[in-house]
2 protein chains.
Amino acid sequence: MIKRRDPYHHGDLRRALVNAATELARSHGPDDVILREVARRVGVSASAAYRHFADRDALLAAVASRARAAMAEAMIDAVARRPPIGDPRSDAVARFRVIGRAYIAFALEEPGLFRTAFGAWPALTEPGDLSPSTMLIAALDNLVATGAMSSSRRVGAEGAAWAAVHGISILLADGALGQVDSRGRDAVVDRTLDLVVSGLVRHRFIGTG
Amino acid sequence: MIKRRDPYHHGDLRRALVNAATELARSHGPDDVILREVARRVGVSASAAYRHFADRDALLAAVASRARAAMAEAMIDAVARRPPIGDPRSDAVARFRVIGRAYIAFALEEPGLFRTAFGAWPALTEPGDLSPSTMLIAALDNLVATGAMSSSRRVGAEGAAWAAVHGISILLADGALGQVDSRGRDAVVDRTLDLVVSGLVRHRFIGTG
DNA sequence: CGTCGAATGTGAGCGGTGTCAACATTGGCC
DNA sequence: GGCCAATGTTGACACCGCTCACATTCGACG
């Protein structure tokens, strides 16, 4: 089915708008998403966007939702690329590190999307959709399930672990730690993950990777 | 010396602008700082602001600088209100906790200023002025100086510790951890500080407070 | 003390933005 | 085939950041 030139109805304008808005958000962050520019790029009038989004914030919320999903998928891919081998408890620890590293890596590779993903928009979080924090929590539960972490240490660990991973992501993405090369960045990331792991995991299962 | 009514020259317009802008930033964050509104509140034309700031971002940078200073002072006050008593190493640990808690408390009491303080404006950080991260670093150095932390663990600890404290501040301020009452908030904060302390400090000096 | 330049403030205006209301077009359902 | 709801357009409003030409005042220097 061939599309006509400039049909009055776009077909899937909502998705197209989110696509364009996402592209704008990539440059630096949510502030770069200009509704009129989004419409312009899609080749549609600015007010057409209001048929699909209540206002600019609703559009941002949609972009944020998609960004969180992309981030979670990147984290899933990261664990998939590192199949478990060896002791399940050490594997659980390694997997947690991989998840955390993927979280941070996404923030550094796509800072604009990262900032948009965690903007304080109306939540718009479907119960079923996967989010970066959910991935982290799953990794924590896996630590308990395998016995790498005692269940007593599990309580409240979501917040603390997420805070450390999220915090280092922001500090690095915003350059708050000063200019560091990629080696220095890796060192800081590893040090942060070390801190979290050493605080959560039984010491004999702490690996170095 | 009595001020005349509506003098043509304001006298200290720059400071007045920063004051008004700070007040606006308090509501939610830097996005609430509207240059025209700032000038309106000061009772001056909008273009007058451009005699003192190159653009809106420069004004934001000034507000951010002041916000960081206020935050650092709040942290200093917090340690001052809790004078050291007892073993110097345990005291160093307690002081670190107090500093971290004060950091987080400021973020929760003044989320707008907190968000403004760490916006990615042109740094505008004088070499001498005190900043929240400097306070944290000083507390870390104090841990080493008293012997509560081994110097080997000190390397790279700034980033990790700051990340955890900063991260939990943001997550709580943005409500990313879901709605939690003040008890739950305290628990999350304590858990995060536990994580940091347990990862940094020699175990026999870890207190519970 | 007078003058004159630099500093500081004013007003109008430009291009851009989010948002809305009135109108145009179209797809799908009876 | 006709009609209604969904979807898109045009034009407008209020507001914003920023600039330019002009007005006022302060302070230094004769």
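Per chain, numbering begins at 1; letters A, B, ... match sequence-line order. FYI, side chains are in, hydrogens and waters are out, and symmetry mates aren't considered; it's all heavy atoms of this structure.
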Query raised in the report: Just wondering, more than 12 heavy atoms not from A/R40 lying within 6.0 Å of its CZ?
Result: yes
Nearest-angstrom distance from the residue atom [atom1] of [X] to [atom2] of [N]:
X: B/D32; N: D/dC16; atom1: CG; atom2: P; value: 12 Å
X: B/D12; N: C/dA7; atom1: CG; atom2: P; value: 17 Å
X: A/D31; N: C/dT17; atom1: CG; atom2: P; value: 14 Å
X: A/L59; N: C/dT19; atom1: CG; atom2: P; value: 10 Å
X: A/R36; N: D/dC16; atom1: CZ; atom2: P; value: 16 Å
X: B/D55; N: D/dC18; atom1: CG; atom2: C1'; value: 9 Å
X: A/R14; N: D/dG8; atom1: CZ; atom2: C1'; value: 17 Å
X: B/I34; N: D/dC18; atom1: CD1; atom2: C1'; value: 15 Å

Query raised in the report: Do A/R154 and A/D141 sit within salt-bridge range, that is, some charged N less than 4.0 Å from a carboxylate O?
Result: yes
Query - Carboxylate-amine/guanidinium contact A/R97 A/D190, below 4.0 Å - result: no
Going by atom type alone, with no hydrogens or angles, which donor-acceptor pairs under 3.5 Å involve a side-chain atom of residues 161-178 of chain A and a protein atom two or more places apart or on another chain?
| from | atom 1 | to | atom 2 | distance (Å) |
| --- | --- | --- | --- | --- |
| A/W162 | NE1 | A/Y103 | OH | 2.8 |
| A/H166 | ND1 | A/Y103 | OH | 2.6 |
| A/S169 | OG | A/V165 | O | 2.7 |
| A/D174 | OD1 | A/R115 | NE | 3.2 |
| A/D174 | OD1 | A/R115 | NH2 | 3.0 |

Query raised in the report: Is there a residue in residues 37-53 of chain A whose heavy atoms reach under 4.0 Å of DNA chain C, and which residues are they?
Result: A/R40, A/S47, A/Y50, A/R51
Query - Any residue of residues 16-27 of chain B with a heavy atom less than 4.0 Å from an atom of DNA chain D - result: none
Report task. Would you mind reporting whether A/D31 and B/D31 have side-chain heavy atoms less than 4.5 Å apart? Result -> yes
Query raised in the report: How is B/R56 classified with respect to the nucleic acid when contacts are heavy atoms under 4.0 Å: base, sugar-phosphate, or nothing?
Result: sugar-phosphate
